[in-house]
Amino acid sequence: MLAKLKEVLNEARKNEYAVAAFNTPNLEMIRAAIRAAEDLDVPVILQHAEGHDNLISLEEIGPIMIDYAKRSRVPVVVHLDHGKSIEAIRKAIEIGFTSVMIDASDCDFETNVEKTKEVVKLAHSHDVSVEAELGHVFTSSLGGGEGREPDDDLVGKTDDIYTDPILAKKFVEETNVDCLAIAFGTVHGIYLKEPNLDLRRIKDIYEVTNVPLVMHGGSGLNEVDYLEAIRNGITKINYYTYANRAGAAVIKRNIKTPKLFFEDYVSIATQGIKENYIQALKIFTQQKRK
Ligand code: 13P
């Protein structure tokens, strides 16, 4: 069933688990995500990043995401990821998305607040939830494609980049957002070295904001880090690159026994992606399934 972000995240927070938000810029990823969530009987978020319009437009994939959500046995939120323009946000709401992100994190604090307030006003009047971002989540040089340059040497610079708890409190109070994406060391795309996460910062931010927190760059971490991040307040985990890579890996493994038809590759890649999703969901929802 098509679900609201706020309700799904509040339920998860109460029970100390996290909801996976899978970017699905093709039909195969939508099907893999829904099947994985149904197998485990857990809620899931399907999301389309405005930056993925080069793969498929919001107008093309959006109605398909909504259709699959409505026909699913589990709660499925349909969310716009990294909404940069008010036009994309309006379009997502028109199509029937139940949640949108306004990403003005590259603006100064005041502009971020102003843009987020405008989106909250519009979205809440349609009963649609809003995610915003404060701080800077970088993009690895291997994939991600969401905009910012990687920075290998963050030593001594994290205070400018990672989310500040005091500013986060002010931001949430002024904007009334439903959840907040924060920066604490994760990176979009493939990790080129072991990430060094500031997990304590999540707790500090959660204690003063009291809204569900969102991890971007959420694929590719180890189980211990996921579980501590969730314990500390992360409730939505954006997950894309490592599932995408798992689909490609299955095709590569099968290249020595070539298949005759395109559909065979589609089918094995979808299965590989689904298995990757299941592994992630099992960790994220460990507390729910105990
Ligand atoms: P990854 O592609 O690194 O998993 O991050 C996904 C994401 O943050 C989408 O907003």
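For the single chain, residues carry numbers from 1 onward in sequence order. What you see is a predicted model, and the numbers here were worked out from it, not measured in a lab. As the structure lists them, so they are numbered: ligands from 1, and atoms in each ligand from 1.
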Val187 near ligand 1, heavy-atom distance under 4.0 Å?
yes
Donor-acceptor pair between Glu275 and Gln279 side chains, under 3.5 angstrom:
no
Go through the steps to decide whether Val266 and Phe261 satisfy the test side chain to side chain contact (heavy atoms under 4.5 Å, CB included), and finish with yes or no.
CA-CA 9 Å; Val266 170; Phe261 297 114; over 6 Å; no
Provide the number and element of each atom of ligand 1 under 4.0 Å from a heavy atom of His82.
10 (O)
What atoms of ligand 1 come within less than 4.0 Å of a heavy atom belonging to Asn23?
9 (C)
Which ligand 1 atoms are under 4.0 Å away from a heavy-atom of Tyr239?
4 (O)
Is there at least one pair of N or O atoms, one from Met215 and one from ligand 1, spaced under 3.5 Å apart?
no
Quick check on contacts: which atoms of ligand 1 are under 4.0 angstrom from a heavy atom of Ser219?
1 (P), 3 (O), 4 (O)
Would you mind listing which atoms of ligand 1 come within a distance below 4.0 Å of any non-hydrogen atom of Asp81?
9 (C), 10 (O)
Number the atoms of ligand 1 from 1 as they appear, then name those within less than 4.0 Å of a heavy atom of His216, with their elements.
8 (O), 10 (O)
Quick one, Leu58 and Glu50 - any side-chain contact, counting heavy atoms below 4.5 Å?
no
Any donor-acceptor pair under 3.5 Å linking the side-chain atoms of His124 with those of Asp178?
yes
Determine whether any heavy atom of Gly218 lies closer than 4.0 Å to an atom of ligand 1.
yes
Please determine whether the number of non-hydrogen atoms from other residues, nucleotides or ligands lying under 6.0 Å from atom CG of Asn54 exceeds 12.
yes
Exercise: do Tyr277 and Asp39 side chains pair donor with acceptor under 3.5 Å
no
Do Arg90 and Glu94 meet the salt-bridge criterion of a basic N to acidic O distance under 4.0 Å?
no
